[in-house]
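We use all heavy atoms of the structure for the numbers below, so side chains are in, but hydrogens, waters and symmetry mates are not. Within every chain, numbering begins at 1; the chains are lettered A, B, ... in the order of the sequence lines, protein sequences first and strands thereafter.
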Amino acid sequence: MKKLIYRFSVLIFCHAIFLSCSHKSVVDVNLQSKTQYKNERVEQLENGLKIYFIDDQSLPRMSLQLLLPVGVVNESIEQAGLNALTSQLLDQGTENKKALEIADLFADSGAEFGVQAGSDFTILATSALITEFNSVLNLFSEVLMNPTFPHAEIERARQQTLVQLKSRQDRSGNWADLLTQKNFYQNHPYGRDMLGTEPSLKKISRQDVIRFYQKNYVPNQARLAVTGRLNPEIEIEIKKQMSRWKPTLKFDSQKIDFQPSLKGSVTKLSSHHKAQTEIRFIQPGISRAHPDYLKLRLINEILGGSFASRLNQKIRDDLGLTYSIYSSLDTRNSAGSWGISTFSKNETAQKTVDEVLKVLKKMIDEGVTQAELTAAKNLVKAQLPRALETSDRLAYNLIALDFYGIGVNYLIRFNQNIDSYDLNIINKALRNFLKPDQMQILIYGQNQ
Amino acid sequence: MKAVLFFIIALSISAFAQNSILNVELQVEKYVLKNGLTVLLHRDSATPLVSYHTWYRVGSRHEKIGITGAAHMLEHMMFKGAQKYSNKEFDKILHANGITNNAFTTYDITGFYESLPKDKLELIMDMERDRLSSLLLKPEDLISEKSVVAEERRWRVDNNPQSLLREQTMEIMFSGHPYRWPVIGYMKDINSYTIEPLREFYEKYYGPNNAVLVIAGDINIEVTKKLVEKYYADLPIRTLPKEPLYSIKPLKEKKIIKLFKDVQVPSLMLSYPSVPDQHPDAYALEVLSQVLANGASSRLSKELVYNKQWATGTGAYQWSLKQAGIWGVFLSLKPEAKDEQVVSVLDREIFRIRHQLITQRELKRAQNQFMSDFVEGLSTVDSKARALASAEIVSGDYKTLFTDLEKYQKVTVYDVRRVAEKYLNPNGRVLAWLKPQATQKASK
């Protein structure tokens, strides 16, 4: 790990230089302890696109991950689902190719075009064997820059999405998650289903999709990570293709403030799933860039982050009330939440809720112990090499951190920051942030 | 040490894949201790991590009626303490040392795995040896763990109609064989486990001669070998029971299951008896799956999802177990799709693939996908350890991980037609529907 920190230290300075440059800069960013990663660096094209090149010779493959700063936050409530629909339609027709032709060409190369539409950003990704990469790169560029959004494809995608929305209720756990987010975020876009609603989907027109694409699927603040067996020819080709992507005059990523309710509540909803009750707790949390993020990660680890956590030991191991219980931080660009997720048979659902509340109260009353803190630090620090183990994971971390305005210093100082938190700091953060009285509890089961 | 073998696998796929220069190298040291423990070591120092996999050749196949799910229950009890590391301590020690862990049970295998910082190797060996040699299996631990597993069954199966459909399909496909019951077991058995049959199961099957140990990551091979010797060499060989010979009743008719549940969207699962692990036809059956239903460019996706718009997704698979296999298709349907129309398209596409050759382009596409998946599957230390353990325990030779890829490349369009004709028998299959409750009356 020392080696890793040293190399990151070099980067701090370089990255600062990079961020101060607005055009065509080339900076060396030596980011990884992996011996096969070389010549990692960031370039910014004149159209604003940042390209992260990470050379990884370990396997004969290449991958592309493009982060577009567009998500649910960019949609109006009347057009909920517009971003997911737009991203899904990119590979459904271009100026030169029809949907099935594109599907065939990706498949010929053993590749897929993956889309992950989120609340703050959207990721487009593909990967291929090195021998197939040129054709996959051409296709990737084509669907990114020249989609035509044919009427028939919009209708097809709309109908598919409507069925997907219906099927949401068929998995009670997923449905409970959506209900919890909706209750917590109320009218904020974070509370919406990414896919939208039936009425909103039915209203979206082809012109809406085209306008949304033209406004938001632009290079201005996008980040592209290229990983794999790089060589100068491939890099030149990628830059050449991406330079054709036309920017808009002005692009502002969307950030919408959120004031969470500080009032706790219990909502009981009936589910048609008969065997088990889903239980969710949610309270206000923090945004991803909040300075206390790492402190809360440590506390979360102790509360419900692993098999050895307090919730798991008490609710699962001692009481046998569930098969799975965990707590998690959901940190987004503008806000975040802290939640607990579990399930139990209908007869013991209320007992499970009561026991979770007891665990929370005990933790706040007594604080965490030194032994728990030491263990949590060890576990969280051990997660860093796993998070950066592959060049793809490293690339994803870099573009996401950059999006949140956190920067690579987060990785460089990760262990140092974790080690700097003593018991007092953590217990103070615990009492500042963990608020059982602000928990919104959802009990979703039969005859609720 | 009984035998020390040293292999360097350098595979050039260019020899059998046109326009491909895939060159993957994985250095593995395999040896077997005197007590029969198979050990695979692979050094990859890219990150300061070690992946530690201990897999046993035991699964729900080794159970009998009345104790269904025992292999899985025992997997849970392996975390409840042994002589040195008692209950609660196990997870806490792992956590305190930055180690993540989990386990799984299948019809044929039970596996335990950890991801650890490289300086914790000896600790994990001590802990794994402890539970392999002196598991406590205390009745009081079983009481709470039975509740945990009952909740797991409710979550995985009883509250999940797709799993219920799978459970019913397996009962028909494997009549007369232990594969017919679910890995997690039936609820009545879960509720009535006692320690004795679990202890018997543990003593029969959790021996070094029934296990494969894979250690991959930032290790020193010589030091690791000494540690393996220190912690495992004195474990006694277990006498493995002779497995009864089961005969699976051939499926000679079309069976139809209709499961009406409170779901919004219907689905369909079509299953044919096929071949077990290591059968030479498995490779062509997997190519067949790709061509017929996997991905947007597959035949069924084009027809049912894109053209007719009766489905939202299609998939197919060759599922190879140790003693048998299933070839199946899965369709997620739209609520308005008509059963007979869907089946008609499905039958037409299956008829086509049984009687006409697939195109060279379709074949090449499937082969490229296998190559991509193979390469992606070697991207982390853990995925490499998992792939090695799986290949070794399934075939007895981890090198099949590489030779399997070659076998996919050798599949021809004629092979695909031949296996389709042989295994996709229209008079020996199970068609299982999951349908919204509201449609039950109309269906009757």
Side-chain angles (χ1 to χ4, degrees), chain A residues 1 33-36 58-61 99-100 103-104 106-112 127-132 156 159-160 163-164 166-167 169-172 272-273 275-276 306-308 313 316-324 343-345 371 374-375 378-379 381-382 385-386 388-390 392, chain B residues 19-24 45-49 79 88 91-92 94-101 115-117 143-152 154-155 158-161 262-265 295-297 302 306 309 312 332 334-335 361 364-365 368-372 375-376 378-381:
Chain A
M1 289 312 296
S33 67
K34 283 196 104 164
T35 48
Q36 66 266 41
S58 63
L59 290 169
R61 67 183 287 278
L100 291 183
D104 282 346
F106 270 112
D108 284 345
S109 299
E112 281 176 10
S127 66
L129 295 172
I130 187 74
T131 47
E132 305 290 330
R156 198 174 270 117
Q159 295 308 320
Q160 293 272 349
V163 177
Q164 274 180 279
K166 267 195 174 153
S167 70
Q169 289 182 56
D170 291 348
R171 289 308 307 263
S172 54
H272 54 258
H273 294 276
Q276 219 163 28
S306 73
F307 286 133
Q313 295 272 310
R316 176 181 148 141
D317 286 0
D318 290 352
L319 301 172
L321 288 169
T322 188
Y323 167 63
S324 168
F343 48 78
S344 190
K345 63 180 180 287
T374 306
N378 287 341
L379 199 65
K381 284 192 290 186
R386 287 177 199 125
L388 307 179
E389 187 181 354
T390 66
D392 281 1
Chain B
N19 300 324
S20 292
I21 310 164
L22 190 59
N23 200 320
V24 178
S45 57
T47 46
L49 292 172
F79 293 86
K88 297 259 180 194
D91 282 331
K92 282 186 178 168
L94 293 178
H95 186 197
N97 286 281
I99 301 169
T100 55
N101 66 309
S115 169
L116 46 136
I143 293 169
S144 65
E145 209 54 27
K146 275 161 59 171
S147 303
V148 170
V149 172
E151 288 300 340
E152 184 180 356
R154 284 185 195 99
W155 178 66
D158 301 340
N159 232 20
N160 181 354
D262 213 342
V263 294
Q264 306 297 308
V265 173
S297 65
K302 281 179 179 171
Y306 192 84
Q309 298 188 55
T312 55
S332 299
K334 288 189 173 175
R361 186 180 179 190
K364 178 74 169 50
R365 188 182 288 161
N368 275 349
Q369 189 61 55
F370 291 126
M371 280 205 289
S372 282
V375 168
E376 296 292 334
L378 298 178
S379 62
T380 68
V381 163

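Listed here is the closest heavy atom pair of B:V148 and A:Y323: O-CB, 3.7 Å. Nearest heavy-atom pair across B:N159 and A:A275 is OD1-N, 3.1 Å. For the residue pair B:P117 and A:A382, the shortest heavy atom distance occurs at CG-CB, 4.2 Å.
Looking at A:S167, the atoms closer than 4.5 Å to chain B (heavy atoms on both sides) sit in the backbone and in the side chain alike. Contact of B:Q309 with chain A is made through the side chain alone, with heavy-atom distances under 4.5 Å. Contact annotation for A:S109: only backbone heavy atoms (N, CA, C, O) come within less than 4.5 Å of a heavy atom of chain B. With a 4.5 angstrom heavy-atom cutoff, B:S332 does not touch chain A via any of its atoms. Using a 4.5 Å cut-off between heavy atoms, B:I143 does not touch chain A at all. Heavy atoms closer than 4.5 Å to chain A are found nowhere in B:V149, neither backbone nor side chain. Of the atoms belonging to B:L378, heavy atoms from both backbone and side chain fall under 4.5 Å from chain A. Only the backbone of A:A111 comes within less than 4.5 Å of a heavy atom of chain B; no side-chain atom from C-beta onward does.
Here the straight-line distance linking atom OG of B:S147 with atom CG of A:L321 works out to 8.0 Å at 0.5 Å rounding. Rounded to the nearest 0.5 angstrom, B:N101 CG and A:S306 OG are separated by 8.5 Å. Distance check, rounded to the nearest 0.5 Å: NZ of A:K166 to NZ of B:K334 gives 10.5 Å. With values rounded to the nearest 0.5 angstrom, A:L388 atom CG is found 9.5 Å from B:T47 atom OG1. With values rounded to the nearest 0.5 angstrom, A:E389 atom CD is found 5.5 Å from B:L49 atom CG. Note that CG of A:L379 is 7.0 Å distant from OG1 of B:T100, once rounded to the nearest 0.5 Å.
Using a 4.5 Å cut-off on side-chain heavy atoms (C-beta onward), B:V375 and A:P60 make contact. No side-chain heavy atom of B:D158 sits less than 4.5 Å from a side-chain heavy atom of A:Q276. No side-chain heavy atom of A:F307 sits under 4.5 Å from any side-chain heavy atom of B:H95. Within the 4.5 Å cutoff, the side chain of B:T312 has no heavy atoms near those of the A:Q164 side chain. Two residues are said to be in side-chain contact when any heavy atoms from C-beta on lie closer than 4.5 Å; B:E151 and A:R316 fail this criterion. Contact check for B:V265 versus A:D170: side-chain heavy atoms found under the 4.5 Å cut-off. By the 4.5 Å heavy-atom criterion applied to side chains, B:S379 and A:D392 are not counted as neighbours. Using a 4.5 Å heavy-atom cutoff, the side chains of A:V163 and B:P335 are in contact.
The greatest number of non-hydrogen atom pairs below 4.5 Å with chain B, out of A:L59, A:D104, A:N378, is found for A:D104. Ranking A:S127, A:A107, A:A103, A:A99 against chain B, the residue ahead of the rest is A:A107, based on heavy-atom pairs under 4.5 Å. The residue among B:Q264, B:E152, B:Q369 with the most heavy atom pairs within less than 4.5 Å of chain A is B:E152.
Annotation: A:E112, atom CD; neighbour count of heavy atoms from other residues, nucleotides and ligands within 6.0 Å does not exceed 12.
Between the B:S372 side chain and the A:G110 main chain, a donor and an acceptor come within less than 3.5 Å of each other. Judged purely by atom type and a 3.5 angstrom limit, A:R386 uses its side chain to pair as donor or acceptor with the backbone of B:S115.
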In sequence, state the C-alpha distance, the side-chain angles, and the governing distance for B:R361 and A:D108, and then conclude on side-chain contact (heavy atoms from CB on, under 4.5 Å).
-> CA-CA 7 Å; B:R361 186 180 179 190; A:D108 284 345; 2.6 Å; yes
